[in-house]
Peer 1: 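Would you mind keeping the following structure in view while I ask a few things?
These values consider heavy atoms only, across backbone and side chains, with no hydrogens, waters or symmetry-generated copies. Quantities reported herein were computed from a predicted structural model and do not represent experimental measurements. Proteins come first, then strands; the chains are lettered A, B, ... in the order of their sequence lines, and each starts at number 1.
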Number of protein chains: 2
Amino acid sequence: MSAAESAVETIQREMTIFARRARASAGRMHPELSLVSYTLLGHLEERGGCRATDLAAHYALDKSTVSRQVAALERAGLIERRLDPEDHRVQVLHLTEAGQEILAQVTRSRRAAFRERLAGWPEEDLVRFAAYLERYNAGQGDPDPA
Amino acid sequence: MSAAESAVETIQREMTIFARRARASAGRMHPELSLVSYTLLGHLEERGGCRATDLAAHYALDKSTVSRQVAALERAGLIERRLDPEDHRVQVLHLTEAGQEILAQVTRSRRAAFRERLAGWPEEDLVRFAAYLERYNAGQGDPDPA
DNA sequence: TGTTCAAGTTGTACTATACAACTAGAAAGC
DNA sequence: GCTTTCTAGTTGTATAGTACAACTTGAACA
């Protein structure tokens, strides 16, 4: 096997290991916000509000799944729906203040965990690793072969 | 923010994106074997058989979860249980021939997907990316801060 | 105006998971 | 040697996340 084939093999194995562990540990670490909820809130913050359909398309989730997630986040007081005056089918979702706070808190906690995990890495390696991950995720084709 | 902090931020974000996508696409691509089943079969192959309790410990799963996974894999004819003659509480799990075939087939399919995803990467980058992932996953402390 | 399209919700089902209660067998203490 | 305690595994129950299909409501188009 060439060095390139062997490296692809390793990348597959390690990405799989990571994917398998990720959700469970995310749930243990942040019981107040699942990985999906966290992602959706983050998207809302980044975009400054969007529609449920946009979330579904962007994250390749069924609209019914998003609908229930959104309902739960609204029940929890983390987001609010605003009817689009232009089109009454559309609800534009926005973070509430509570939602912004929880999001910031979980982000801090996740960032601290990653920082600790990556402590001792030389800056040069961190930068390169980050670039590789971005390049991997930006790849075209199937969204993820994991 | 320093370059290192910014890189940690990116690593967190990209690992999260990957983790979120991984399971769904794994299910779509390999409906015959979930990510967990694939991992368990792989472990059995690597070890040449082991106990359900070992699987639970190694993958931080509840023993009841493993018990049901194992039952499903046995129903599907992919593994078999052998009672340990030394200790009648213990069942040693082994891949069947069918299990070996399915595992090999899914491994090939996954490897092809990764190879395609990583097509065009220079060998040097593949090798470095692989090394970073191994280093990340081997890190001590919390199993995964995702 | 009526047909078709789009946004969301709800009913239903399935998978993965955990925790708790249980059974069966092994080991240890007295 | 009997009883208590530990270990391996199963089963009952509950929850989260997900998809698909059927439906409702509103918009757009021909």
Peer 1: Walk me through whether B/Ser67 and B/Ser64 qualify under side-chain hydrogen bond (donor to acceptor under 3.5 Å, both in side chains).
Peer 2: CA-CA 5 Å; B/Ser67 174; B/Ser64 67; over 6 Å; no
Peer 1: Of all the heavy-atom pairs spanning B/Arg51 and B/Leu93, show the shortest one and how long it is.
Peer 2: C-CD1, 4.3 Å
Peer 1: Just so I know, are the side chains of A/His94 and A/Leu44 near enough to count as touching, which here means a heavy-atom distance under 4.5 Å?
Peer 2: no
Peer 1: Under 4.0 Å from any atom of DNA chain C, heavy atoms only: list the residues of residues 82-96 of chain A that qualify, in numerical order.
Peer 2: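 The answer is A/Arg89, A/Val90, A/Gln91.
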Peer 1: Provide a list of protein-nucleic acid N or O atom pairs under 3.5 angstrom, restricted to nucleotides 19-22 of chain C.
Peer 2:
{"residue": "C/dC19", "atom": "N4", "partner": "B/Ser64", "partner atom": "OG", "Å": "2.6"}

Peer 1: Closer than 4.0 Å, any side-chain N/O of A/Gln69 to the OP1 or OP2 of D/dA16?
Peer 2: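 Checking D/dA16 against A/Gln69, no side-chain N or O comes under 4.0 Å of OP1 or OP2.
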Peer 1: Given D/dA16, is OP1 or OP2 found less than 4.0 Å from the side-chain N or O atoms of A/Ser34?
Peer 2: no
Peer 1: Please give the remaining members of the hydrophobic cluster of B/Val90, linking ILVMFWY side chains under 4.5 Å, ordered by chain and number.
Peer 2: B/Val92
Peer 1: When you measure from the side chain of B/Thr107 to the backbone N and O of B/Leu103, does any donor-acceptor pair fall under 3.5 Å?
Peer 2: yes
Peer 1: Given side chains that start at C-beta, do those of A/Glu14 and A/Ile17 come closer than 4.5 Å, heavy atoms only?
Peer 2: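 Yes - at least one pair of side-chain heavy atoms lies under 4.5 Å apart.
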Peer 1: Counting only heavy atoms not in B/Glu97, do more than 12 sit closer than 6.0 Å to its CD atom?
Peer 2: no
Peer 1: Measure CG/B/Leu73 against C1'/C/dT15 and give the value in whole Å, please.
Peer 2: 13 Å
Peer 1: Could you walk me through whether A/Glu124 and A/Phe129 pass the side chain to side chain contact (heavy atoms under 4.5 Å, CB included) test, one step at a time?
Peer 2: CA-CA 9 Å; A/Glu124 186 189 350; A/Phe129 188 29; over 6 Å; no
Peer 1: Between the main-chain N or O of B/Gln12 and the side-chain N or O of B/Thr16, is there a donor-acceptor pair closer than 3.5 Å?
Peer 2: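 Judged by distance alone, yes, a pair lies under 3.5 Å.
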Peer 1: If you look only at distance, which donor and acceptor atoms sit under 3.5 Å apart when one is on a side chain in residues 70-80 of chain B and the other is two or more places apart or in another chain?
Peer 2:
{"residue": "B/Glu74", "atom": "OE1", "partner": "B/Arg81", "partner atom": "NH1", "Å": "2.4"}
{"residue": "B/Glu80", "atom": "OE2", "partner": "B/Arg82", "partner atom": "NE", "Å": "3.1"}
{"residue": "B/Glu80", "atom": "OE2", "partner": "B/Arg82", "partner atom": "NH2", "Å": "2.9"}

Peer 1: To 10°, what angle do the rotation axes through the five end pairs on each side of the helix from C/dT1-D/dA30 to C/dC30-D/dG1 form?
Peer 2: 0°
Peer 1: B/Arg111 and side chain to side chain contact (heavy atoms under 4.5 Å, CB included): which single residue from A/Glu9, A/Glu5, A/Arg13 fits?
Peer 2: A/Glu9
Peer 1: Just call it for A/Val36: base, sugar-phosphate, or nothing, with non-hydrogen atoms closer than 4.0 Å on any strand.
Peer 2: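 The residue A/Val36 makes sugar-phosphate contact but no base contact.
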Peer 1: Tell me which residues in residues 37-58 of chain B put a heavy atom below 4.0 Å from DNA chain D, sorted by number, or none.
Peer 2: B/Arg51, B/Ala52, B/Thr53
Peer 1: Would you call the rings of B/Tyr136 and A/Phe114 parallel, tilted or perpendicular, taking 30° and 60° as the class edges?
Peer 2: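 Aromatic pair B/Tyr136/A/Phe114 classed parallel.
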Peer 1: Would you say that A/Arg110 contacts A/Gln105 through its side chain, given a criterion of any heavy-atom pair below 4.5 Å between the two side chains?
Peer 2: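 SC-SC contact between A/Arg110 and A/Gln105 ruled out.
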